[in-house]
Amino acid sequence: MIRIIFFGSILALFCTSCVSKAIFEDEKAKNDSLRAEIEALMAQLDGQDGNGEHYSAANLKRKLDKMQAEKTQAEMELAAAQGNYDRLQESYDALEANSSSSLTENLERNRKLLEQLEAKEKALMAEEQRLASIQKQLEERSNRVDELEGIIASKDQKMRALKDAISAALTNFEGNGLTIEQRDGNVYVSMENKLLFDSGSWAVNTRGSEAVSALGSVLAENKEIAVLIEGHTDNVPYGGSGHIKNNWDLSTKRATAIVNILIKNKGIPKDNLTAAGRGEHAPIASNNNSEGRAKNRRIEVILTPKLDEITKLLNDL
């Protein structure tokens, strides 16, 4: 009966415990040791140990108590080991769950970052294309500006040549109230009235007709030049009679008289010519003295290069 109780207790101890392999091996070793002792006790109950030695009941009781104590200690150690194992398992499960959550969060964050990166790359590509387009437009504009500057430089050169040609053609009239200058890309030919008209008259005298005809010879060779003829007076009110009402009217008729001489030259395109009267409203000197008034009574011929090519280029910029 004692054999059955001890054997059953030991089996229950080791069969109901769930431990790790290391703990299991340790407990198995203890089990083997207890089994050997139990077998020794059984032998003693039969009257002898394995060597045929006989034991007294007191010795058997002591050994039984010792084995009971060892069994209790083994059960306590096993329970402690099982508790440690359970805590480790719980820690591992928590760590695994936390790692899985962190991994999911990292994946989501990485996905959003990738989406932002792709969006920025697309925006950068679009900006690069826009900049390339602007660069191309700037290059085209730069080419047109270069072309425009070339045309302007060419026209300036032509206007200088025109000024030189007019100066050469009107050399004989210098010192008679005639000035020729180039400014702002135009050529200005100014002839005072003493070279062209008698006082209060709009009929061009012989000397003035020669000067205007000489100018016309140069203009006939430069058909791309627009010609504006402006009539100017001083501020002394017109005192004559007839069809003239005032200085403005007089200045207009004098400008028209110059045009009538120029159109006799068939080489001058008539659509190049414009006559305008400005009266006393654009003086170049003071009207407070006779010298200033003499300078203000004049015909100005303003020669301007036609700007069709320049205008077209400017519109394309």
Sub-3.5 Å donor-acceptor pair from the side chain of [X] to the main-chain atoms of [Y], do we have one?
| X | Y | value |
| --- | --- | --- |
| D184 | N186 | no |
| S190 | E300 | no |
| N265 | S213 | no |
| S142 | L138 | no |
| R254 | S201 | yes |

Below 4.5 Å, heavy atoms only, C-beta onward: do [X] and [Y] meet side chain to side chain?
| X | Y | answer |
| --- | --- | --- |
| N222 | E224 | yes |
| I166 | L303 | yes |
| N296 | T233 | no |
| V212 | L196 | yes |
| F197 | V204 | yes |
| S251 | H232 | no |
| V218 | L162 | yes |
| I180 | L170 | yes |

Interatomic spacing from [atom1] in [X] to [atom2] in [Y] - rounded to 0.5 Å:
| X | Y | atom1 | atom2 | answer |
| --- | --- | --- | --- | --- |
| L262 | I258 | CG | CD1 | 7.0 Å |
| D164 | R160 | CG | CZ | 9.0 Å |
| W202 | N260 | CH2 | CG | 13.0 Å |
| K155 | M159 | NZ | CE | 9.5 Å |
| E108 | L113 | CD | CG | 10.0 Å |

Are more than 12 heavy atoms from other residues, nucleotides or ligands located less than 6.0 Å from atom [atom1] of [X]?
| X | atom1 | result |
| --- | --- | --- |
| K223 | NZ | yes |
| Q89 | CD | yes |
| K295 | NZ | no |

Give the minimum heavy-atom separation between [X] and [Y], together with the two atoms involved.
| X | Y | result |
| --- | --- | --- |
| G185 | D156 | CA-OD1, 4.0 Å |
| L195 | A211 | CD2-CB, 4.4 Å |
| R298 | I284 | NH2-CG2, 3.3 Å |
| I225 | P305 | CD1-CA, 4.0 Å |

Going only through I, L, V, M, F, W and Y residues with side-chain contacts under 4.5 Å, is there a path from I299 to Y238?
no

Does one hydrophobic cluster hold both Y188 and V227, with members joined at side-chain heavy-atom distances below 4.5 Å?
no

Mind running side-chain contact (heavy atoms from CB on, under 4.5 Å) on L178 and V189 for me, showing each step along the way?
CA-CA 7 Å; L178 171 70; V189 181; 3.9 Å; yes

Are E115 and R111 within salt-bridge range, i.e. N to O under 4.0 Å?
yes

Cationic N near anionic O, under 4.0 Å, E210 to R207:
yes

For M125, which of E121, E127, Q129 qualifies under side-chain contact (heavy atoms from CB on, under 4.5 Å)?
Q129

Which one of D234, V236, N287 satisfies the side-chain contact (heavy atoms from CB on, under 4.5 Å) criterion with R297?
D234

Step by step, would you call H281 with N247 a side-chain contact (heavy atoms from CB on, under 4.5 Å)?
CA-CA 10 Å; H281 303 291; N247 283 339; over 6 Å; no

